[in-house]
Chemist: 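This is the structure, below, for whatever I ask next.
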Amino acid sequence: MKKYIKINVRTKSETVNWRVGRHILDSLCESQGSLLPEQISHNPDKFDAPFLGKKCVEKFWATPVTLSYSGGTFEVAETFAWRRKKSVKSLGYVTHTKRNIKSQIVPGEISFTSDYASKVNFYELFKSWCCILPPQIGMLHLFVEEELKDLGQYDSFRLGSFNASLNPEISGIGWAMYYGPDFCKDIDIKKLEESGFFVENIGDGFIVRVTQNIADVNDNFAIFSERREEMRKLFPQNFFKGEDDE
């Protein structure tokens, strides 16, 4: 099983403004172009349009589409997806924040999967997305063989999923997690810092890292896992989905 990077950021903030798309694209242009898209689409499972620069992305960003529901219609913004087939191979997409028929906010999301490359600063990418779209919850993790062999193909943590849109759940601790206002009120940040974990305040929430460098997951997974379990014990009981089953 090949190791890979997974980033997922869920946000209640407005996403359709092209300013958001421009900043996300700018972040992908860093790392000497190693994450620069080669193709774009409205469907992460099907690509047929080449990436030709910011102008072509602007036309794709938040394209309005009308949907039918229970005899009525409403307008939403289409997904924006990008793919890179060369090294570093990656795939990402943005689903836009919207309101449902009950006028409830349905969070938007950035989902990103990439080959792992030590030359790419994935933490800076994750942090930049947390600044662009203040997250409700976010995760950055490097999945390596030792962990993947114990996770099912559709395991929520493996997929970087927070499950239900309106009632997100956290099923595991990634190397770096962003806890927004909905979650950080239940966390003793001072205790995490005193225990040697890495905490960074961004907006109304915190990024919490298990170790200083993401390469630690790859270089010594056993030590990383030990530290992660130590961190887990500092969170309230039942904070993570499925704890009672462990």
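For the single chain, residues carry numbers from 1 onward in sequence order.
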Chemist: Indicate yes or no: at least one non-hydrogen side-chain atom of N163 is less than 4.5 angstrom from one of P168.
Modeler: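 No; the side chains remain at least 4.5 Å from each other.
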
Chemist: Looking only at side-chain N and O atoms, does T15 offer a donor or acceptor that is under 3.5 Å from a partner on K98?
Modeler: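 There is no such pair between these side chains.
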
Chemist: Starting from the C-alpha separation in whole Å, work towards a yes-or-no answer on salt bridge (charged side-chain N to carboxylate O under 4.0 Å, His left out) for E194 and K191.
Modeler: CA-CA 5 Å; E194 290 174 346; K191 188 180 291 186; over 6 Å; no

Chemist: Could you state the interatomic distance from OG (S27) to CG (L125), rounded to the nearest 0.5 Å?
Modeler: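 It comes to 5.0 Å.
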
Chemist: Distance under 6.0 Å and angle within 45° of the ring axis: does R158 meet both against F143?
Modeler: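 No.
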
Chemist: Is there a side-chain contact between C130 and I207 (heavy atoms, below 4.5 Å)?
Modeler: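 Counting from C-beta outward, C130 and I207 do come under 4.5 Å.
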
Chemist: So do V94 and E109 actually touch side chain to side chain, heavy atoms under 4.5 Å?
Modeler: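 A side-chain contact under 4.5 Å is absent here.
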
Chemist: Pairing donors with acceptors under 3.5 angstrom, does anything connect the side chains of K3 and N218?
Modeler: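 Checked: K3/N218 side chains pair up, N/O donor to acceptor below 3.5 Å.
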
Chemist: List in chain and number order the residues that pass side chain to side chain donor-acceptor pair (under 3.5 Å) with K54, two or more places apart in sequence or in another chain; answer none if no residue qualifies.
Modeler: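 K54: side chain to side chain donor-acceptor pair (under 3.5 Å) contacts with D26.
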
Chemist: Rounded to the nearest 0.5 Å, what's the gap from CD1 on I40 to SG on C56? Could you check?
Modeler: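 Between atom CD1 of I40 and atom SG of C56 there are 4.0 Å.
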
Chemist: Other residues, nucleotides and ligands only: do more than 12 of their heavy atoms fall within 6.0 Å of NZ on K102?
Modeler: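 No, because the 6.0 Å sphere around NZ of K102 holds 12 heavy atoms or fewer from other groups.
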
Chemist: Can you get from F47 to F51 by hopping between Ile, Leu, Val, Met, Phe, Trp and Tyr side chains that sit under 4.5 Å apart?
Modeler: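 No, separate clusters.
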
Chemist: May I have all residue pairs that pass ring pair (Phe, Tyr, Trp, His ring centres under 6.0 Å) and include part of residues 83-117, sequence neighbours excluded?
Modeler: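 Applying ring pair (Phe, Tyr, Trp, His ring centres under 6.0 Å) to every pair that reaches into residues 83-117, excluding sequence neighbours, yields W61-H96, F112-W129.
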
Chemist: Are any of the side-chain heavy atoms of I105 and R99 separated by less than 4.5 Å?
Modeler: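 I105 reaches R99 side chain to side chain.
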
Chemist: If only side-chain N and O atoms count, and only distance matters, is there a donor-acceptor pair under 3.5 Å linking R10 with Q136?
Modeler: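 No donor-acceptor contact under 3.5 Å links the two side chains.
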
Chemist: Side chains of I7 and I110: does their closest heavy-atom pair fall under 4.5 Å?
Modeler: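 I7 vs I110: side chains apart.
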
Chemist: Between F235 and Y179, is the ring centre distance below 6.0 Å?
Modeler: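 Aromatic pair counts; centres sit under 6.0 Å.
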
Chemist: Taking atom CG of N167 as the centre, report whether more than 12 heavy atoms of other residues, nucleotides or ligands fall under 6.0 Å from it.
Modeler: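 No, not enclosed.
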
Chemist: V16: which other cluster members, linking ILVMFWY side chains closer than 4.5 Å, directly or transitively?
Modeler: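 Besides V16, the hydrophobic cluster comprises nothing; the residue is isolated.
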
Chemist: For D204, I'd like to know if atom CG has over 12 heavy atoms of other residues, nucleotides or ligands within 6.0 Å.
Modeler: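 Open: at most 12 neighbouring heavy atoms sit under 6.0 Å from CG of D204.
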
Chemist: Please give me the minimum heavy-atom distance between N100 and L166, naming the atom from each residue.
Modeler: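 That would be ND2-CD1, 4.1 Å.
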
Chemist: Do W82 and Q39 come close enough that some side-chain heavy atom pair is under 4.5 Å?
Modeler: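 The answer is no; the side chains never approach within 4.5 Å.
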
Chemist: Could you tell me which non-hydrogen atom of F197 sits nearest to which non-hydrogen atom of V210, and how far apart they are?
Modeler: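 Reported closest heavy-atom pair: CD2-O, 3.4 Å.
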
Chemist: Answer yes or no: is there a donor N or O on one side and an acceptor on the other, between the side chain of S31 and the main chain of G33, under 3.5 Å?
Modeler: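 Such a contact is absent between S31 side chain and G33 backbone.
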
Chemist: Do V144 and F122 land in one hydrophobic cluster if side-chain heavy atoms of ILVMFWY residues count as linked below 4.5 Å?
Modeler: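 Same cluster: V144 reaches F122 through Ile, Leu, Val, Met, Phe, Trp or Tyr contacts under 4.5 Å.
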
Chemist: Yes or no on side chain to side chain contact (heavy atoms under 4.5 Å, CB included) for R84 and E38, after CA distance, side-chain angles and deciding distance?
Modeler: CA-CA 5 Å; R84 181 178 177 86; E38 291 181 323; 4.1 Å; yes

Chemist: Could you note down all residue pairs passing salt bridge (charged side-chain N to carboxylate O under 4.0 Å, His left out) where residues 217-228 supplies at least one of them, sequence neighbours left out?
Modeler: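 Only E147-R228, R227-E230 qualify under salt bridge (charged side-chain N to carboxylate O under 4.0 Å, His left out).
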
Chemist: In the structure I gave you, are the side-chain heavy atoms of L192 and I187 within less than 4.5 Å of one another anywhere?
Modeler: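 The answer is yes; the side chains approach within 4.5 Å.
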
Chemist: Hey, any chance F224 and L234 share a hydrophobic cluster, counting ILVMFWY side chains that come within less than 4.5 Å of each other, even indirectly?
Modeler: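 Hydrophobic grouping puts F224 with L234.
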
Chemist: E78 vs N43, test: side chain to side chain contact (heavy atoms under 4.5 Å, CB included). Steps then yes/no.
Modeler: CA-CA 9 Å; E78 284 203 281; N43 183 347; over 6 Å; no

Chemist: Looking at every heavy atom in both L159 and K6, which two are closest together, and how far apart are they?
Modeler: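 In this case the closest contact between L159 and K6 is O-CE, 3.0 Å.
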
Chemist: State the OG-CG distance between S171 and D155, to the nearest 0.5 angstrom.
Modeler: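 If I round to the nearest 0.5 Å, the distance is 6.0 Å.
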
Chemist: For the side chain of T11 and the backbone of P134, is there at least one donor-acceptor N/O pair under 3.5 Å apart?
Modeler: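 Yes, T11 side chain to P134 backbone: donor-acceptor pair under 3.5 Å.
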
Chemist: Going only through I, L, V, M, F, W and Y residues with side-chain contacts under 4.5 Å, is there a path from F198 to I214?
Modeler: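 Not linked; separate clusters.
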
Chemist: Measure across R209 and A176 and return the closest heavy-atom pair with its distance rounded to 0.1 Å.
Modeler: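 It is CG-CB, 3.8 Å.
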
Chemist: Output the distance between atom CD1 (I170) and atom OG (S156), rounded to the nearest 0.5 Å.
Modeler: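 Between atom CD1 of I170 and atom OG of S156 there are 12.0 Å.
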
Chemist: Between V65 and V76, is a side chain to side chain contact (heavy atoms under 4.5 Å, CB included) present by the stated rule, with each step listed?
Modeler: CA-CA 6 Å; V65 59; V76 298; 3.6 Å; yes

Chemist: List the steps and the verdict of side chain to side chain contact (heavy atoms under 4.5 Å, CB included) for I137 and Y178.
Modeler: CA-CA 5 Å; I137 184 69; Y178 184 98; 6.0 Å; no

Chemist: Are any of the side-chain heavy atoms of I132 and V20 separated by less than 4.5 Å?
Modeler: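 Yes, at least one pair of side-chain atoms sits under 4.5 Å.
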
Chemist: For a quick check under 3.5 Å, do E200 and Y123 share a side-chain donor-acceptor pair by atom type?
Modeler: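 The answer is yes; a qualifying pair exists.
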
Chemist: To the nearest 0.5 Å, what is the distance between CG on N220 and CD on E146?
Modeler: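 Here the interatomic distance stands at 9.0 Å.
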
Chemist: Could you point out which residue of K89, K85, K2 forms a salt bridge (charged side-chain N to carboxylate O under 4.0 Å, His left out) with D115?
Modeler: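 Only one option passes, and that is K2.
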
Chemist: With sequence neighbours left out, what residues match E193 under side chain to side chain donor-acceptor pair (under 3.5 Å)?
Modeler: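 So E193 forms no side chain to side chain donor-acceptor pair (under 3.5 Å) with any residue.
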
Chemist: Taking all heavy atoms of F157 and all of L151, pick out the closest pair and write down the distance.
Modeler: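 Heavy atoms only, the tightest pair is CD2-CD1, 4.2 Å.
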
Chemist: Using the rule that Ile, Leu, Val, Met, Phe, Trp and Tyr join whenever any side-chain heavy atoms are under 4.5 Å apart, tell me whether L91 and I24 fall into a single cluster.
Modeler: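 Looking at the clustering, I24 is in a separate group from L91.
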
Chemist: Roughly how far, to the nearest 0.5 Å, is NZ of K119 from OG of S34?
Modeler: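 Going from OG on S34 over to NZ on K119, the span is 3.5 Å.
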
Chemist: Taking only residues two or more places apart in sequence, or in another chain, which ones meet S90 in a side chain to side chain donor-acceptor pair (under 3.5 Å)?
Modeler: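 Side chain to side chain donor-acceptor pair (under 3.5 Å) list for S90, sorted by chain: empty.
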
Chemist: Which heavy atom in K12 sits nearest to a heavy atom in P107, and how many Å separate them?
Modeler: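 So the two residues come closest at CG-CG, 4.2 Å.
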
Chemist: Can you confirm if the aromatic rings of H42 and F60 lie within a centre distance of less than 6.0 Å?
Modeler: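 Centroid separation for F60 and H42: below 6.0 Å.
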
